[in-house]
Protein chains: 2
Amino acid sequence: MARTQGSHAGTTGPKVREVALRLFAQHGFAAVSMRQIAREVGVQAGALYLYTPDKQALLFELMRGHMEELLAAWTPPGGGPMAQLEDFARHHIRFHLDRPDLVFIAYMELRNLSPENFAVIEGLRGAYEARLENILRAGMAEGVFDVADLRLATMGLISMLTGVTTWFRDDGRLTRADVEAIYWDMVRRAVSAEGAGAPARAS
Amino acid sequence: MARTQGSHAGTTGPKVREVALRLFAQHGFAAVSMRQIAREVGVQAGALYLYTPDKQALLFELMRGHMEELLAAWTPPGGGPMAQLEDFARHHIRFHLDRPDLVFIAYMELRNLSPENFAVIEGLRGAYEARLENILRAGMAEGVFDVADLRLATMGLISMLTGVTTWFRDDGRLTRADVEAIYWDMVRRAVSAEGAGAPARAS
DNA sequence: GTCTATAAGTCGATAGAC
DNA sequence: GTCTATCGACTTATAGAC
């Protein structure tokens, strides 16, 4: 049945990226060899170079694809800053929990990018952070939020929300919906103007 | 002046660890060779094995030392849970900003540890997280804090506080004291019972 | 305490057959 | 589109001289 040689009609390209992603996340970019990737894809090492000019381009395309999907997957919903912040926070958690490997390498392997590639990824990351900062800025103007520094609040919230990927397990004590609700509650309270936020959490 | 050979009276050992730390943080454990470490220390590669049984033990000792120092450097001060939380948060930020390289590798290189070594580091990390969780639990009992889930609040706060190391620069817009104060304000508001916290931030 | 030399193997990437 | 074979350089770790 399964051919062990010959053309594979466009399935090898995606498979290379999928295997590389998994191995990079598991062992780290530098610790994974092209031969190891080839073995798990089911081809010889030389064949990988039909799908990537070199090893680092393989990493860069994974990271760029991830960041571009992150930016494409969310646009601010209608409603005020509070509703937008809730949507952003919940979407951020969902998106990141769905892609733990990509999140991991997009953080950890930045230092393995060439300076040009690094600049591209940092630009995309900055664009994403700016969305949250804009929501907070709008809420400050309306008096709905009260933060001492827009940039710090942005970075603090993103760190907290992204950190979920380091400990969440699907077979754990809480569901994704639980986590989403509880984190949103902490986010809201961290930035709400006193007395202006949503009603206190049910308890 | 500087000898290029011969005994160096106990200065080489610390230098090996110092150089390894810097290079591991910069390029990643797997990407750094023993020859590269030796070159920057100023010895030949073989001499490194007088100071470490192998490359992985070098990494493990850096991580273990870091975690043990983290645990030794703080004990709960007197006062109630609110005062303890403030002290914990401020100390966490200070300690981590003082050791960005160690913080980085203690997170990123966990996957390069043997299972036994990994278990040791995870145990130390758990002990540290338990301290924050205990403060939150005590505050809940007193009605000073209000969190929906102790474990999630613990992980959320630690993620936020540790995240400072990813963007803080000493020549940036804000001082360490600024950052400490602003983060503490967000932490306090994220977990305080309504109406029970410290007075609202001056604005 | 450090050196030199070396074992035994892996690395990324390319050339050319099919 | 994939294979085999290969280049030149690099790897961790050890042995034994000084």
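The chains referred to below are lettered A, B, ... by the order of the sequence lines, with proteins before strands, and numbering in each begins at 1. All values below were derived from every heavy atom in this structure, side-chain atoms included, with hydrogens, water molecules and symmetry-related copies excluded.
Going from atom CG of B:Leu48 over to atom P of D:dT14 covers 13 Å, rounded to whole Å. With rounding to whole Å, B:Leu50 atom CG is found 13 Å from D:dA15 atom P. Regarding A:Gln36, its CD atom lies at a distance of 14 Å from the C1' atom of C:dG12, rounded to whole Å. As a whole-Å value, the separation of A:Phe29 CZ from C:dG12 C1' is 10 Å. Look at CD1 on B:Ile37: it is 17 Å from C1' on C:dT2, rounded to the nearest Å. Note: OH (B:Tyr51) to P (D:dA13) measures 17 Å, nearest angstrom.
Among the atoms of the strands shown, only primed sugar atoms or phosphate atoms (P, OP1, OP2) are found under 4.0 Å from some heavy atom of A:Val32.
The phosphate of C:dT4 (OP1 or OP2) has a side-chain N or O of B:Gln44 nearer than 4.0 angstrom. Between B:Thr12 and C:dT2, a side-chain N or O to OP1/OP2 separation shorter than 4.0 Å is present. At C:dT10, none of the side-chain N or O atoms of A:Ser33 fall inside 4.0 Å of OP1 or OP2 (strictly under the cut-off).
Closest contact between the side chain of B:Val43 and the listed nucleotides D:dT4, D:dG1, C:dC3 involves C:dC3.
Rounded to the nearest 0.5 angstrom, B:Phe104 CZ and B:Thr166 OG1 are separated by 9.5 Å.
Using bins of under 30°, 30° to 60° and over 60° for the plane-to-plane angle, the ring pair B:Trp74/B:His91 lands in the tilted bin.
Without hydrogens or angle criteria, B:Arg39 side chain to B:Gln44 main chain gives no donor-acceptor distance under 3.5 Å.
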Discussion item. For nucleotides 13-18 of chain C, give me one character per nucleotide, 5' to 3': B if any protein heavy atom sits under 4.0 Å from the base, S if the only such contacts are to the sugar-phosphate, - if neither.
Written reply: BB----
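Looking only at atom types and distance, the side chain of A:Glu109 has a donor-acceptor partner in the side chain of A:Asn112 under 3.5 Å away. With 3.5 Å as the limit, one finds a donor-acceptor pair spanning the side chains of B:Arg137 and B:Asn134. Side-chain contact, A:His92 with A:Tyr183: no donor N or O sits under 3.5 Å from an acceptor N or O.
Using a cutoff of 4.0 Å between basic side-chain nitrogens and carboxylate oxygens, A:Glu86 and A:Arg90 are scored as salt-bridged.
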